[in-house]
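Worksheet: one structure, shown below.
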Amino acid sequence: MTSTINGGISYWYADDGIPAPREPLPGDSTADVCIVGGGYTGLWTAYYLKKAVPFLNITVLEAKFCGYGASGRNGGWLYNGIAGRDRYARLHGHDAAVRLQKAMNDTVDEVVRAAAEEGIDAGVHRGGVLEVACTPAQLARLRAFHATEVAFGEKDRELYGARETADRVRVAGAVGSSWTPHGARLHPVKLLKGLATAVEALGVTVHESTPVTEIRPKHAVTPYGTVRAPYVIRCTEGFTASMAGLRRTWLPMNSSMIATAPLPAEVWEELGWSGREALGDMAHAYMYAQRTADDRIALGGRGVPYRYGSRTDNDGSTQAATVDALPAVLVRFFPQLTGTEITHAWSGVLGVPRDWCATVTLDRSTGLGWAGGYAGSGVATANLAARTLRDLIQQDSGQAGPTDLTALPWVGHKVRKWEPEPLRWLGVHTLYAAYRRADRHELTHHSADTARLATLANRISGRR
């Protein structure tokens with residue numbers, strides 16, 4: 001049996017190849033807009049700005065290569081979830097949160113539309129998202145979750161019992177599920193590469209191997225020179241903590257994934273999953289999975305959730321314990337896959353704010369902007385953030401007025417910093433240990449009540 005490839009950025013890059021390198025910044029430079037970060041947020045921002053105002057001189061600076069971070073390592077879920085919506089409802093009212101949710105629903109359509117317009121073949125399949133429950137407590141949370149989503153405007157969401165769930169995907173022990181059409185499976189690296197190509201074709205300058213060490217008003221400082229621009233936009237998500245003065249802004253949460261070898265047709269016949277829905281669950285330490293275009297299962301979840309001092313990995317490699325743990329999740333869902341070859345394992349980081357609320361901001365007094373804190377929902381949210389940054393910059397520069405996007409409740413949201421070390425490390429690891437223990441309790445105790453340990457962890461963490 002072939003041993004598992006651990007790292008190498010991700011399976012997605014193993015499948016589609018590392019891109020040819022772009023030149024680093026050659027020295028001091030100027031631009032109208034400087035974007036720091038060459039992932040989805042940065043590239044989509046450059047794309048929409050350049051389309052809206054073709055004469056803008058836009059420079060993108062990327063520390064490694066475009067898509068090195070979460071954009072090239074995620075689970076390939078293009079879906080309508082957004083971190084912090086319920087909190088925004090409490091802060092700004094239900095109607096404001098409904099507008100935010102509708103914008104996210106529309107964003108799924110927008111990404112598919114833009115990819116098609118640019119001729120990007122990202123393996124998109126619009127099978128929606130199916131989230132399953134496998135215990136009485138999970139089923140109770142699922143029903144509450146479904147009712148909440150309907151209350152926020154998802155009238156086309158469907159609630160299934162055990163039999164209807166099995167008609168879609170035969171997950172062992174599934175007692176119910178909730179399905180939304182506002183989701184698609186895709187190949188994240190193919191989308192990323194196509195977007196980078198489209199951005200350069202529009203005339204945007206992209207410099208790779210150019211780490212930004214400091215951002216200050218009108219300046220992005222690198223070892224090779226400084227880019228001066230009226231607007232400097234930070235799009236660094238989970239890598240934000242590596243920048244001067246930003247270590248406690250967003251916590252770089254680790255998420256890990258595995259990919260199986262391609263499964264034969266008879267196995268897929270047994271599993272179902274012919275609709276190729278994105279698949280998740282209602283556990284506290286949840287999983288996420290997709291059936292890939294080449295008929296693998298790519299499955300993710302939390303391994304070691306956080307590295308001391310907000311450190312991040314170099315090449316996507318993940319701990320041996322995680323490589324062992326994720327196949328156990330796979331087999332729990334699909335026992336017939338016991339012994340299936342795991343060809344790839346990798347990790348990445350996602351940005352988590354202290355209150356778990358995604359944000360997009362432009363400080364009009366300094367010209368500094370940023371977006372992120374997606375907490376794992378970035379494939380679609382990055383696109384909405386980018387279009388919002390476009391509108392904010394156009395509004396600030398006098399080229400346009402306020403728009404529906406600039407009025408959304410996540411614009412300008414402020415959140416306190418994470419605790420200093422060692423409290424940050426102790427807190428995160430303690431909380432995820434509590435979530436795992438709560439999941440084990442719910443698997444063995446057939447109560448419809450959520451484990452009290454998880455309820456307490458949610459209060460402390462700020463997730464609820």
#### Entry: Residues Y47, E118; criterion side-chain hydrogen bond (donor to acceptor under 3.5 Å, both in side chains); working and verdict
CA-CA 11 Å; Y47 176 82; E118 297 298 335; 2.7 Å; yes
### Query
Any side-chain heavy atom of V171 within less than 4.5 Å of one from C134?
yes
#### Entry: Distance-only polar pair, side chains of R296 and Y11, donor-acceptor under 3.5 Å
yes
### Message
Using a 6.0 Å cut-off, check whether atom CD of E214 has over 12 heavy atoms from anything other than its own residue.
### Response
yes
### Query
Would a distance-only check, ignoring hydrogens and angles, find a side-chain to backbone donor-acceptor pair under 3.5 Å from D324 to A321?
no
### Task
Answer yes or no: are there more than 12 heavy-atom neighbours, outside D121 itself, under 6.0 Å from its atom CG?
no
### Query
Salt bridge or not for K64 and E62, using N-O below 4.0 Å?
no
### Task
Search all heavy atoms of A375 against all heavy atoms of V352 and return the closest pair with its distance.
CA-CG2, 4.3 Å
### Query
Has the side chain of T222 got a donor or acceptor atom that lies under 3.5 Å from a matching backbone atom of G225?
yes
### Message
Do the side chains of E117 and K51 get close enough for a salt bridge, i.e. N-O under 4.0 angstrom?
### Response
yes
### Task
Indicate the ring-plane relationship of Y88 and H413, choosing parallel, tilted or perpendicular according to the 30° and 60° boundaries.
perpendicular
### Task
Could you grab the distance from atom OG of S71 to atom CH2 of W12, nearest 0.5 Å is fine?
13.5 Å
### Task
Could you give me the CA-CA distance, side-chain angles and deciding distance for E149 and R85, then say whether salt bridge (charged side-chain N to carboxylate O under 4.0 Å, His left out) is met?
CA-CA 11 Å; E149 299 308 297; R85 184 203 59 196; 2.8 Å; yes
### Query
Which of these passes side-chain hydrogen bond (donor to acceptor under 3.5 Å, both in side chains) with S347: T322, N6, T318?
T318
### Query
Under 4.0 Å between a Lys/Arg side-chain N and an Asp/Glu carboxylate O for E200 and R22?
yes
### Query
Judged by modelled atom types alone, do T180 and E154 share a side-chain donor-acceptor pair under 3.5 Å?
yes
### Task
Apply the side-chain contact (heavy atoms from CB on, under 4.5 Å) test between L408 and each candidate in M104, K102, R99; give the one that qualifies.
R99
#### Entry: E277 side chain reached by V169 side chain, heavy atoms, under 4.5 Å
yes
### Query
What do you reckon, is CG of D404 surrounded by more than 12 foreign heavy atoms closer than 6.0 Å?
no
### Query
Where is the tightest heavy-atom contact between A289 and W273, given as atom of each residue plus distance?
CB-CH2, 4.1 Å
### Query
Roughly how far apart are F152 CZ and N80 CG, rounded to 0.5 Å?
12.5 Å
### Query
Which heavy atom in T210 sits nearest to a heavy atom in P24, and how many Å separate them?
OG1-CA, 3.3 Å
### Query
Under 6.0 Å between ring centres, would you say that holds for Y40 and Y374?
no
### Query
Between D391 and Q395, do the side chains contain an N or O donor and an N or O acceptor separated by less than 3.5 Å?
no
### Verdict with supporting geometry, R113 and D109, salt bridge (charged side-chain N to carboxylate O under 4.0 Å, His left out)
CA-CA 6 Å; R113 184 206 64 78; D109 299 329; over 6 Å; no
### Query
Roughly how far apart are Y231 OH and T45 OG1, rounded to 0.5 Å?
14.0 Å
### Task
Report the relative orientation of the aromatic rings in Y48 and W44; use parallel for angles under 30°, tilted for 30 to 60°, perpendicular for over 60°.
parallel
#### Entry: Spacing of L43 atom CG and C235 atom SG [to the nearest 0.5 Å]
9.0 Å
### Task
Considering non-hydrogen atoms only, spot the tightest contact between A46 and I35 and give its length.
N-CD1, 3.6 Å
### Task
Could you tell me which non-hydrogen atom of T240 sits nearest to which non-hydrogen atom of T249, and how far apart they are?
CG2-CB, 4.5 Å
### Query
What's the spacing between R141 CZ and D281 CG if we round to 0.5 Å?
9.0 Å
### Query
Applying the side-chain contact (heavy atoms from CB on, under 4.5 Å) test to V111, which of V124, L384, N383, L195 qualifies?
N383
### Task
To the nearest 0.5 Å, tell me how far Q138 CD sits from E131 CD.
11.5 Å
#### Entry: Residues K193, D16: salt bridge by 4.0 Å N-O rule
yes
#### Entry: Considering all heavy atoms, the nearest R234-I215 contact
CB-CD1, 3.9 Å
